[in-house]
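Written out below as structure tokens is the structure these notes cover.
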Amino acid sequence: MKFGGTSVGKPERMKEVAKLITKDEESKIVVLSALSGTTNALVEISTSLSQGDRNTANQQITALEEHYQQFCGQLLTKPASLEKARLIIQEHFEFLHIILKISFSEALNKDILAQGELLSTKLFSVYLDEIEVDHMLIPALEFMTIDNYDEPQIGSIKIKLSQLLQRHKDKQIFITQGYISRNSKGEVDNLKRGGSDYSASLIGAAINASVCEIWTDIDGMHNNDPRVVKKTVAIEQLSFEEAAELAYFGAKILHPASIWPAQFYNVPVKLLNTMDPEAKGTLIAAEAGSAGVKAVAAKDGITAIKIKSSRMLLAYGFLRKIFEVFEKYRTSIDMITTSEVAVSITIDNDTHLPEIIKELEPFGTVEIDTNQSIVSIVGNEITDTEDVMQKVFNALKTIPVRMVSYGGSRHNISILIGRNYKEQTLQALNVDLFGLE
Ligand code: ADP
Ligand code: ASP
Ligand code: MG
């Protein structure tokens with residue numbers, strides 16, 4: 001059971017979590033995020049430090065510490081638990097104050113970002129003690145590992161986690177941190193923003209869980225982005241493939257990589273609402289449940305690269321040479337469209353863009369469009385569903401579309417547009433595909 005930031009963000013919400021995890025007798029691992037707002041606050045502290053602005057960092061640390069003191073004042077009642085919580089807060093904020101004196105580095109940044117999940121789990125554990133819920137806190141830093149390329153090492157996670165669980169066979173409830181991990185150098189690291197979902201899925205896969213429940217602040221995966229579009233509805237069931245596409249293409253409710261471990265080990269995932277625990281939510285399993293379009297999602301920060309060359313005409317090996325450039329810089333490609341004389345490619349990570357452009361230039365003219373968004377239409381067998389393309393093009397009639405990708409899989413149609421057309425596009429698709437105004 002994974003609980004996100006808002007699900008633990010207020011003392012009364014955290015108490016609700018305690019009720020949800022004690023509802024039945026089943027053994028479970030409970031994965032917690034940091035309290036909502038904490039990771040953002042830690043990012044700000046890190047940014048101030050990286051800019052050498054210690055005064056601001058100091059103020060930000062103090063404000064965050066006050067927030068935790070207030071939080072515990074409302075969460076706990078017994079003097080002994082209040083004292084335990086005071087010591088936990090002191091330990092972690094002393095650490096933050098000490099780092100003010102150390103020179104900033106990427107490793108230090110990761111240490112700072114880890115404080116949120118360490119705090120939330122320790123404080124929750126104090127609360128469980130206070131209300132006499134037997135449990136065991138297991139440190140994610142002892143089993144969650146990533147390799148040189150930031151990829152989780154599922155084999156090693158499995159071994160380390162089962163050893164930890166073996167040592168505490170008498171326990172039924174285990175609490176651990178989402179998001180944080182150890183890297184190949186043994187340093188504290190993380191699974192990137194929103195990574196607690198990924199932690200939960202990896203843990204579910206590692207222990208072969210009967211279900212991986214992702215508890216959040218909405219009643220499941222909706223058909224469209226509720227932050228952008230007014231009227232959206234929850235989806236009852238998605239296949240792993242559909243959910244993976246939605247997560248990867250921007251549905252914030254799931255971390256982009258969070259579906260593959262569950263899919264690979266066939267662990268069903270349920271998206272549930274802490275604010276409305278009785279709501280059905282969304283089941284993600286091997287079967288899609290139904291055919292047709294299920295949802296649309298959008299991913300921002302996309303760069304499109306066009307390589308144009310008449311030498312491409314009737315040539316073979318051209319695409320291989322282009323792809324090799326992206327491989328060399330470990331930059332993954334999302335969308336591809338080709339014509340006889342040009343190829344357009346999108347990437348979401350432009351760290352190595354200057355080097356990539358330089359190496360592509362010998363192949364032809366290279367054009368770059370930044371600040372693009374991919375809008376993905378996801379469903380089951382959608383390419384076989386009647387009228388889908390007609391409805392999509394109808395919705396897009398006033399929108400300048402840069403690329404269209406159709407037929408790559410049966411689950412996805414992707415469209416590339418300028419970021420400033422995203423809201424209009426999602427709204428128009430909501431009307432034409434789902435009949436929701
Ligand atoms: P948590 O802190 O629990 O991990 P997140 O904020 O990461 O929660 O994810 C939940 C949020 O995702 C929702 O509040 C909603 O605004 C947003 N979201 C974006 N797209 C979707 C979608 N298609 N379905 C449901 N929620 C979505
Ligand atoms: N606390 C982390 C974040 O805000 C991880 C998570 O919430 O999933 O990104
Ligand atoms: Mg999240």
Side-chain angles (χ1 to χ4, degrees), residues 1-10 13-14 16-17 20 31-44 46 64 110 112-121 140 144 176-181 189-203 213-236 238 242-259 269-276 279 281-282 284 293-300 375-379 422-423 426 429-430 434 436:
M1 299 174 85
K2 174 258 172 176
F3 294 88
T6 30
S7 303
V8 291
K10 296 225 165 74
R13 298 250 55 88
M14 208 178 240
E16 217 36 61
V17 171
L20 287 168
V31 179
L32 298 190
S33 292
L35 313 193
S36 52
T38 295
T39 312
N40 285 346
L42 293 168
V43 168
E44 282 168 17
S46 252
L64 192 62
K110 303 280 176 59
I112 296 171
L113 296 181
Q115 300 309 306
E117 273 70 13
L118 292 170
L119 276 161
S120 65
T121 45
M144 190 57 76
T176 193
Q177 299 84 18
Y179 178 59
I180 61 174
S181 59
D189 211 313
N190 62 61
L191 304 177
K192 313 257 159 57
R193 294 305 305 272
S196 298
D197 304 324
Y198 201 10
S199 305
S201 174
L202 286 162
I203 292 171
E213 295 181 351
I214 310 269
W215 289 83
T216 181
D217 57 2
I218 189 165
D219 58 343
M221 179 75 79
H222 278 218
N223 72 301
N224 205 330
D225 192 329
R227 296 165 301 173
V228 176
V229 170
K230 265 196 226 120
K231 196 154 178 22
T232 60
V233 290
I235 303 162
E236 250 181 61
L238 289 167
E242 290 170 328
E245 300 247 18
L246 285 169
Y248 186 71
F249 286 112
K252 192 202 171 210
I253 185 168
L254 286 171
H255 177 282
S258 59
I259 291 300
V269 177
K270 274 188 186 164
L271 307 180
L272 296 159
N273 189 354
T274 342
M275 324 282 167
D276 183 8
T282 301
I284 302 166
V293 175
K294 299 265 185 67
V296 297
K299 181 171 167 182
D300 301 332
V375 170
S376 281
I377 296 134
V378 174
K422 180 176 87 167
E423 285 77 9
L426 290 182
L429 288 168
N430 216 38
F434 304 103
L436 296 166

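One-based numbering, in listed order, for ligands and for the atoms of each. If you read the sequence from its start, that first residue is 1, and numbering goes on from there.
Where the criterion is an N or O separation shorter than 3.5 Å, residue side chain and backbone included, His222 meets it with respect to ligand 1. Close N/O approach between Gly194 and ligand 2 is found [any backbone or side-chain N/O within under 3.5 Å]. At under 3.5 Å, a nitrogen or oxygen of Gly5, whether backbone or side chain, sits near a nitrogen or oxygen of ligand 1. Taking distance alone, with nitrogen or oxygen atoms compared against 3.5 Å, Thr39 approaches ligand 2 more closely than that limit.
Residue Asp217 has at least one heavy-atom neighbour below 4.0 Å for each of these atoms of ligand 1: 10 (C), 11 (C), 13 (C), 14 (O). Of all atoms in ligand 1, listed by their number and element, those nearer than 4.0 Å to a heavy atom of Arg227 are 16 (O), 19 (C).
Considering each of Ser196, Ala200, Ala114, the one bringing a non-hydrogen atom nearest atom 6 (C) of ligand 2 is Ser196. When the options Glu117, Arg193, Lys2 are ranked by their closest heavy atom to atom 5 (C) of ligand 2, first place goes to Glu117.
The protein atom (non-hydrogen) at minimum distance from atom 15 (C) of ligand 1 is Pro226 CG, 3.9 Å. Nearest to atom 4 (O) of ligand 1 among the protein's heavy atoms is Lys2 NZ, 3.0 Å. Here the protein heavy atom with the shortest distance to atom 9 (O) of ligand 1 is Ile253 CA, 3.5 Å. Regarding atom 5 (P) of ligand 1, its nearest protein heavy-atom neighbour is Lys252 NZ, 3.8 Å. In this structure, atom 3 (O) of ligand 1 lies nearest to the protein heavy atom Thr216 OG1, 2.7 Å.
Distances shorter than 4.0 angstrom occur between a heavy atom of Gly220 and an atom of ligand 1. Not close to ligand 1: Leu271, with no non-hydrogen atom less than 4.0 angstrom away. The shortest heavy-atom distance from Gly195 to ligand 2 is under 4.0 Å.
When all heavy atoms of Thr282 and Met221 are compared, the pair lying nearest together is OG1-N, 2.9 Å. When all heavy atoms of Lys294 and Ile235 are compared, the closest pair comes out as O-CD1, 3.6 Å.
With a heavy-atom cut-off of 4.0 Å, His255 does not touch ligand 2 at all. Contacts with ligand 1 closer than 4.0 Å are made by backbone heavy atoms (N, CA, C, O) of Asn224 only, the side chain lying farther away. Of all the heavy atoms of Ser33, the ones lying under 4.0 Å from any atom of ligand 2 belong exclusively to the side chain.
Screening Asn224, Asp225, Asp219 against His222 for a side chain to side chain donor-acceptor pair (under 3.5 Å) leaves a single residue, Asp219.
Within 6.0 Å of NZ in Lys10 there are 12 or fewer heavy atoms belonging to other residues, nucleotides or ligands.
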